[in-house]
Trainee: 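Once you've had a glance at the structure underneath, I'll fire off some questions.
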2 protein chains.
Amino acid sequence: MTKSKFQMIYDELVGHIENGDLKANELLPSENELAESFKASRETIRKALKLLSEHGYIQKMQGKGSVVLDVTKINFPISGLVSFRELADKMGKRAKTDVVGLEEQLMTADMQEQFQMKEATNVWNVKRVREIDKERIILDKDYLLTSLVPGLTINICEKSLYAYIEQVLGLTISFAKKEITVERPTEEDKELLDLKEYDTIVVVKSHVYLDDATMFQYTESRHRPDKFRFVDFARRTR
Amino acid sequence: MTKSKFQMIYDELVGHIENGDLKANELLPSENELAESFKASRETIRKALKLLSEHGYIQKMQGKGSVVLDVTKINFPISGLVSFRELADKMGKRAKTDVVGLEEQLMTADMQEQFQMKEATNVWNVKRVREIDKERIILDKDYLLTSLVPGLTINICEKSLYAYIEQVLGLTISFAKKEITVERPTEEDKELLDLKEYDTIVVVKSHVYLDDATMFQYTESRHRPDKFRFVDFARRTR
DNA sequence: TAGTGGTCTAGACCACCGA
DNA sequence: CGGTGGTCTAGACCACTAT
């Protein structure tokens with residue numbers, strides 16, 4: 001499982017940007033120069049630069065060159081597809097997960113709808129409360145196909161579900177469709193979270209898919225409004 | 001300004017997916033077959049498929065092929081970088097914009113911070129209320145550099161600011177950094193919007209940049225919570 | 001005009017999948 | 001095994017920007 005050449009070039013350039021070798025508003029060397037110094041063809045360099053551009057590290061300008069963007073502001077992506085554990089690790093917060101429910105059950109009609117399946121099969125129903133700095137901020141309600149994700153335990157759910165799925169089961173999580181809305185808190189929300197006096201709750205619904213395009217997980221992540229933050233980098237498509 | 005070949009191939013394939021010629025869960029023809037039928041090289045086909053993949057239309061599977069995803073669910077992107085006018089047009093809602101403020105002023109210290117400028121210059125301060133189905137739902141507060149966007153009028157702000165910037169001024173809007181949070185409504189929010197009894201408001205802050213990486217606009221878009229919806233398609237990056 | 005990025009090509013080799 | 005997508009190359013031509 002060796003990385004591709006353009007990925008390694010991307011990684012190296014990201015390193016140079018993040019540690020300050022390449023500063024904001026500086027121009028990168030030209031594609032031809034990069035091709036020479038990395039001993040790669042120009043198209044390979046361009047694949048690496050494409051990645052940098054998509055992730056908001058650089059802006060390409062025809063006829064001029066590629067300029068480094070100021071990345072200090074964005075940079076912690078709740079955008080994208082990242083697990084709570086990965087996020088908490090990155091932010092260095094005192095985070096704790098409390099598994100308040102874990103059971104196997106037959107899909108409800110509502111779940112069957114979400115998974116778009118013709119027949120109801122068994123799913124794991126996982127409920128987890130996320131505590132940050134001693135406050136219960138997030139309620140995660142996960143539903144996972146037991147056929148694809150067997151052998152769940154409380155211990156796994158406390159640590160990282162995604163680590164188990166990817167590293168133990170060897171599945172590849174590939175993409176997700178997400179929807180953010182704001183709703184009224186339910187009795188369950190009020191019971192399980194430290195909601196204070198808020199009368200709204202931010203709900204992130206996700207449909208998560210493997211690399212063969214099968215959906216294996218539906219999640220509702222319910223956040224106390226004052227602690228919710230979503231950051232995004234978007235390019236205009238025409 | 002003719003489109004590139006891979007863009008045209010992308011457009012044609014999107015057409016086939018959206019009108020049902022290519023249905024969800026069907027496999028696309030192989031890259032070699034597509035190359036032949038479009039009279040293009042395989043790399044060019046691959047650029048088109050890369051776009052389809054990024055936009056959530058297909059999933060590529062090594063050794064197997066590219067499968068069409070079910071796009072009926074996502075498909076109206078509040079994600080990305082789209083103006084209110086473009087969105088309203090696409091959704092066919094009865095939408096109306098009321099310009100409640102338009103003035104040129106010297107940047108405040110706060111704005112200078114947002115624009116990361118060494119010296120304060122003049123900006124347009126535009127306030128617009130968006131009405132959907134007779135309800136005042138969104139308050140947009142825009143700040144634009146007058147040096148880059150001269151000659152604003154109420155009429156322009158009522159129609160589409162982006163159309164003016166791109167089509168009349170000939171500037172190219174390229175990317176944005178966005179942040180979604182939830183705050184307490186201000187007196188101004190309560191005054192200008194039909195907030196009902198809600199005690200929170202969804203705030204989308206955007207820094208918007210041109211293709212030469214200069215920031216020209218800062219926007220706060222303030223939404224009544226029950227009408228806010230953000231849809232996203234995200235691929236897992238490793 | 002020279003240098004930049006944008007596109008396109010034809011061919012090669014590899015890793016993965018299914019029969 | 002043959003067919004699929006994944007990567008990489010060397011070279012060509014174009015559009016754009018600076019000077």
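In what follows, chains carry the letters A, B, and so on, assigned in the order in which the sequence lines appear, proteins first and then strands, with residues in each chain numbered from 1. The figures here come from the full heavy-atom set of this structure, side chains too, leaving out hydrogens, waters and symmetry mates.
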Trainee: Do Leu144(A) and Leu161(A) have side-chain heavy atoms sitting under 4.5 Å apart?
Mentor: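 Side chain of Leu144(A) against side chain of Leu161(A), heavy atoms only: contact under 4.5 Å found.
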Trainee: Can you list the residues that meet the side chain to side chain donor-acceptor pair (under 3.5 Å) rule with Thr219(A), with sequence neighbours excluded?
Mentor: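 Checked Thr219(A) against side chain to side chain donor-acceptor pair (under 3.5 Å); matches are Asp142(A), Gln217(A).
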Trainee: Just how far, in rounded Å, is P of dG5(C) from CD of Gln62(A)?
Mentor: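 Interatomic distance, CD of Gln62(A) to P of dG5(C): 10 Å.
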Trainee: Show each protein N/O and nucleotides 9-11 of chain D N/O combination with a separation under 3.5 Å, one pair to a line.
Mentor:
| unit_1 | atom_1 | unit_2 | atom_2 | d |
| --- | --- | --- | --- | --- |
| dT9(D) | OP1 | Lys5(A) | NZ | 2.6 |
| dT9(D) | OP2 | Ser41(A) | N | 2.7 |
| dT9(D) | OP2 | Ser41(A) | OG | 3.2 |
| dT9(D) | OP2 | Thr44(A) | OG1 | 2.7 |

Trainee: Give the rounded distance in Å between these two atoms: CG of Leu34(A) and P of dG3(C).
Mentor: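 After rounding, the reported distance stands at 17 Å.
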Trainee: Distance check needed: dG5(C) C1' versus Gln59(A) CD, whole Å only.
Mentor: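 Rounded to whole Å, this separation is 12 Å.
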Trainee: Met8(B) CE to dT7(C) P: how many Å, rounded?
Mentor: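 Spelled out: CE on Met8(B) to P on dT7(C) is 12 Å.
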Trainee: Between atom NZ in Lys64(B) and atom P in dG5(D), what is the gap in whole Å?
Mentor: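 Those two atoms, NZ and P, are 12 Å apart.
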Trainee: May I ask you to verify if any side-chain N or O of Ser4(A) is less than 4.0 angstrom from the OP1 or OP2 atom of dG6(D)?
Mentor: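 So the side-chain polar atoms of Ser4(A) never come under 4.0 Å of the phosphate oxygens OP1 or OP2 of dG6(D).
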Trainee: Under the side chain to side chain donor-acceptor pair (under 3.5 Å) test, which residues partner Glu220(B), sequence neighbours left out?
Mentor: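 Listed in chain order: Tyr218(B), Arg222(B).
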Trainee: Applying ring-ring contact (aromatic ring centres under 6.0 Å, His included), name anything that partners Phe6(B), two or more places apart in sequence or on another chain.
Mentor: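 Expected list: none.
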Trainee: Checking Ser221(B) now: which residues fulfil side chain to side chain donor-acceptor pair (under 3.5 Å) with it, not counting sequence neighbours?
Mentor: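 Per chain and number, Ser221(B) pairs via side chain to side chain donor-acceptor pair (under 3.5 Å) with Asp140(B), His223(B).
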Trainee: Quick one: Phe6(B) CZ to dC14(D) P, roughly how many Å, whole number?
Mentor: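 For the pair Phe6(B) CZ and dC14(D) P, the rounded distance is 18 Å.
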Trainee: Distance check needed: dC14(D) C1' versus Arg46(A) CZ, whole Å only.
Mentor: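 It works out to 12 Å between those atoms.
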Trainee: What pairs with Asn19(A) under side chain to side chain donor-acceptor pair (under 3.5 Å), at least two apart in sequence or on another chain?
Mentor: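 With sequence neighbours excluded, Asn19(A) shows a side chain to side chain donor-acceptor pair (under 3.5 Å) to no residue whatsoever.
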Trainee: In whole angstrom, give the distance that lies between atom CG of Asn32(B) and atom C1' of dG6(D).
Mentor: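 Asn32(B) atom CG is separated from dG6(D) atom C1' by 13 Å.
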